[in-house]
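Here's the structure, in structure tokens; my notes come after.
Note that these values count all heavy atoms, side chains included, but never hydrogens, waters or copies made by symmetry. Bear in mind that the values here come from a model prediction, so they are computed numbers and not experimental data.
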Amino acid sequence: MNLANVAFMILSSILVLFMTPGLAFFYGGLVSKRNVVNTMLSVFIMTGVAIILWILIGYSLSFVGDHGGVFGSWAHPFMRGLNLNTLTSTHIPTSLYSLFQMMFAIITPALFVGAVVGRIRFKFLLSFLVVWSIFIYYPMVHMVWSPSGILAKLGTLDFAGGTVVHINAGVTAFVLSAFLGKRIKFGDIPHTHYNLPWVLLGATILWIGWYGFNAGSALGVNNVAVQATITTTVATATAMVAWMFLDIFVKGKPTLVGVCTGTLCGLVGITPGAGFVTITGSFWIGLIATCGSYFFVNVLKDRIGVDDALDAFGCHGVSGIIGSIATGLFATKAVNNAVTTNGVFYGGGAHLFLVQLAATAITIVFVTIMGIILIKALQLVMPMRVDRDEEALGLDIGEHGEEADYTVDLSDDVAKAQSDMKIYANEFKGQTARLRE
């Protein structure tokens with residue numbers, strides 16, 4: 001074992017795991033107060049379920065054996081019969097590589113929860129997570145990151161999950177939203193959110209965790225890991241500032257939600273090319289990704305009419321697609337020897353760009369078709385959407401019998417009391433004078 005690489009990969013795995021509760025805070029802060037518990041639970045429960053699934057069959061289906069370049073082997077439940085002490089090319093144990101990949105299997109389905117909050121049955125969501133992992137996520141991992149996968153053989157570059165994670169989760173979010181239909185929007189005031197500090201907290205945790213996500217995908221302490229750290233930082237900062245200026249130009253005001261959303265788009269956009277592109281390339285990827293997502297969220301989304309509640313497709317899908325394709329423009333051998341053909345802007349011609357375009361299109365088509373099949377199959381045995389009464393009540397009470405807390409209602413009562421004191425100042429005069437004493 002290379003002890004430095006082992007320590008680095010353990011830290012990276014922990015950072016990626018940290019992203020999932022960060023996402024819970026990010027999404028929980030964005031929803032209405034009637035759906036906070038449901039949203040945060042729906043994200044966080046992915047941690048337990050995805051870990052069990054990964055150990056049970058996920059690693060084997062992803063990385064052991066091969067069937068048609070699409071999926072691996074069913075022959076190693078609970079990873080039995082595998083020598084987990086063998087070392088990878090960066091001299092870390094296979095067991096540690098599996099642990100790192102397990103964290104990706106957790107965060108990816110958590111991403112599409114944001115599209116369906118407030119109206120999907122918890123039981124359906126859990127069931128969908130299981131079949132989605134087996135029939136969509138593990139095959140995507142095998143196709144892109146297993147040497148025998150069909151997209152890997154095509155020459156696809158996906159450093160940390162542009163196709164496997166973000167396009168996959170984004171397209172799944174879009175398909176789920178289309179099947180669910182629009183929210184009834186009972187009691188929801190546009191552009192109000194439960195807790196904006198939570199949104200900032202979640203975005204910050206995601207940014208910190210993303211260094212495990214991107215730099216960790218170098219699988220060791222090396223120049224590529226350092227480059228991925230720098231490009232992740234530059235693309236994210238660029239996207240954050242770009243979204244703020246777009247908000248100022250289009251809406252007249254910068255917003256915290258906008259800045260946090262732009263931050264996320266930059267992180268998503270740079271993911272497929274983080275270890276393949278230069279600092280200049282990361283700047284342009286961050287800028288283009290956030291502009292594309294901004295246009296989709298603010299212009300195309302309403303015209304399409306699919307109610308993606310927290311813009312999971314608008315951020316992860318759109319920025320992931322842009323980042324994946326842009327890798328074919330900006331990737332260069334000067335950054336990473338794994339790049340066999342330079343991108344368009346580094347003298348490599350159109351070959352890599354066309355490969356990235358094809359891989360992106362194949363991912364979208366595969367996830368869409370399989371998503372539709374899985375949703376249709378589950379609908380035969382269980383309802384997908386809560387009824388109107390439960391949706392109006394809120395899924396916190398309807399699905400879980402819990403509420404986030406009492407502080408919002410309490411603050412409303414305090415505000416009302418203060419207002420009453422101003423209106424009836426004379427009646428309160430004696431009491432307020434005694435309070436001052």
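Donor-acceptor pairing under 3.5 Å is lacking for the side chains of Thr278 and Thr280. Residues Ser42 and Tyr27 have side chains that never bring a donor and an acceptor to within less than 3.5 angstrom of each other. Asp247 and Thr255 share a donor-acceptor pair across their side chains, judged by distance under 3.5 Å alone. In summary, the side chains of Ser60 and Tyr138 do not present any donor paired with an acceptor at a separation below 3.5 Å, with no hydrogens or angles considered.
With rounding to the nearest 0.5 Å, the separation of CE in Met382 from CG in Leu380 is 10.5 Å. Between the OG atom of Ser62 and the CE atom of Met140 there is a distance of 11.0 Å, given to the nearest 0.5 Å. Remark: Ile322 CD1 to Leu329 CG distance equals 11.5 Å, nearest 0.5 Å.
In this structure, Asn223 places its CG atom where only 12 or fewer heavy-atom neighbours from other residues, nucleotides or ligands lie under 6.0 Å away. Residue Asn337 qualifies as open at atom CG: its count of foreign heavy atoms under 6.0 Å is 12 or below. Crowding of Trp284 atom CH2: a count of heavy atoms from other residues, nucleotides or ligands under 6.0 Å not exceeding 12. The number of heavy atoms from other shown groups lying within 6.0 Å of NE2 (His91) does not exceed 12. Open room surrounds CZ on Phe44; 12 or fewer heavy atoms of other groups in view lie less than 6.0 Å from it. In the displayed structure, Phe179 atom CZ is contacted under 6.0 Å by more than 12 heavy atoms of other residues, nucleotides or ligands.
The main-chain N or O of Thr360 is never found under 3.5 Å from a side-chain atom of Ser324 such that the two would form a donor-acceptor pair. Side-chain atoms of Glu403 never come within 3.5 Å of backbone atoms of Asp396 as a donor-acceptor pair (strictly under, hydrogens ignored). Looking only at distances, no side-chain donor or acceptor of Gln356 sits under 3.5 Å from a matching main-chain atom of Thr327. Put simply, the side chain of Arg121 gets close to the backbone of Arg385: a donor and an acceptor are under 3.5 Å apart. In terms of modelled atom types and a separation under 3.5 Å, the side chain of Asn342 and the main chain of Lys333 share a donor-acceptor contact. Of the possible polar contacts, none joining the Asp311 side chain to the Val297 backbone as a donor-acceptor pair under 3.5 Å is found. The closest donor-acceptor contact from the side chain of Asp158 to the backbone of Pro272 lies at 3.5 Å or more, if one exists at all. Side-chain atoms of Ser98 do not come within 3.5 Å of backbone N or O of Thr94 as any donor-acceptor pair. No donor-acceptor pair under 3.5 Å is formed between the side chain of Asn214 and the backbone N or O of Thr232. Within the 3.5 Å criterion, the main-chain N or O of Val335 finds no donor-acceptor partner in the side chain of Thr332.
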Begin with the C-alpha distance, continue with both residues' side-chain angles, and end with the deciding distance and a verdict on side-chain contact (heavy atoms from CB on, under 4.5 Å) for Lys301 and Phe313. CA-CA 10 Å; Lys301 179 182 171 181; Phe313 177 77; over 6 Å; no
side-chain contact (heavy atoms from CB on, under 4.5 Å) evaluation trace for Arg34 with Leu393: CA-CA 7 Å; Arg34 297 176 291 107; Leu393 175 67; over 6 Å; no
Before giving the answer on side-chain contact (heavy atoms from CB on, under 4.5 Å), spell out for Leu61 and His142 the whole-Å C-alpha distance, their side-chain angles and the decisive distance to 0.1 Å. CA-CA 7 Å; Leu61 278 177; His142 186 81; over 6 Å; no
Could you walk me through whether Trp243 and Cys260 satisfy the side-chain contact (heavy atoms from CB on, under 4.5 Å) test, starting with their C-alpha distance in whole Å, then the side-chain angles of each, then the deciding distance to 0.1 Å, before giving a yes or no? CA-CA 9 Å; Trp243 194 291; Cys260 292; over 6 Å; no
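Residues Leu157 and Val339 have side chains in contact (heavy-atom distance under 4.5 Å, counting atoms from C-beta outward). Taking the side chain as every heavy atom from C-beta outward, Val277 and Ile270 approach each other to under 4.5 Å. Between Ile184 and Arg119, the closest side-chain pair of non-hydrogen atoms is not below 4.5 Å. Under the 4.5 Å side-chain criterion, counting only non-hydrogen atoms from C-beta, Ile325 is in contact with Phe353. Residues Leu378 and Met384 fail the side-chain proximity criterion, which asks for heavy atoms closer than 4.5 Å. Using a 4.5 Å heavy-atom threshold, the side chains of Ile150 and Leu154 count as separate. You'll find the side chain of His76 stays beyond 4.5 Å of the side chain of Tyr59, heavy atoms only. Side-chain contact between Val31 and Asn38 is absent, with no heavy atoms from C-beta onward closer than 4.5 Å.
Under the 30°/60° scheme for interplanar angles, the aromatic rings of Trp210 and Phe213 are found to be tilted. Ring orientation note: the planes of Trp74 and Phe71 are nearly perpendicular, at an angle over 60° on the 30°/60° scale.
In terms of heavy atoms, Ala331 sits closest to Tyr346 at O-CD1, 4.0 Å. Shortest non-hydrogen contact noted between Ala218 and Thr90 is O-CG2, 4.2 Å. For Ala110 against Thr20, the heavy-atom pair with the smallest separation is CB-CG2, 4.4 Å. Across Ala215 and Ala228, no two heavy atoms sit closer than the pair CA-CB, 3.9 Å. Heavy atoms only, all atoms of each residue included: Ala338 and Phe276 are closest at CB-CE2, 4.4 Å.
Of the listed residues (Leu53, Leu23, Val49, Thr47), just one forms a side chain to side chain contact (heavy atoms under 4.5 Å, CB included) with Ile106, and that residue is Thr47. Of the candidates Ser13, Pro93, Ser12, Leu99 forms a side chain to side chain contact (heavy atoms under 4.5 Å, CB included) with just one, namely Ser13.
Ring centers of Phe104 and Tyr137: at least 6.0 Å apart, outside the cut-off. Side-chain rings of Trp132 and Phe112 approach one another, their centers coming within less than 6.0 Å.
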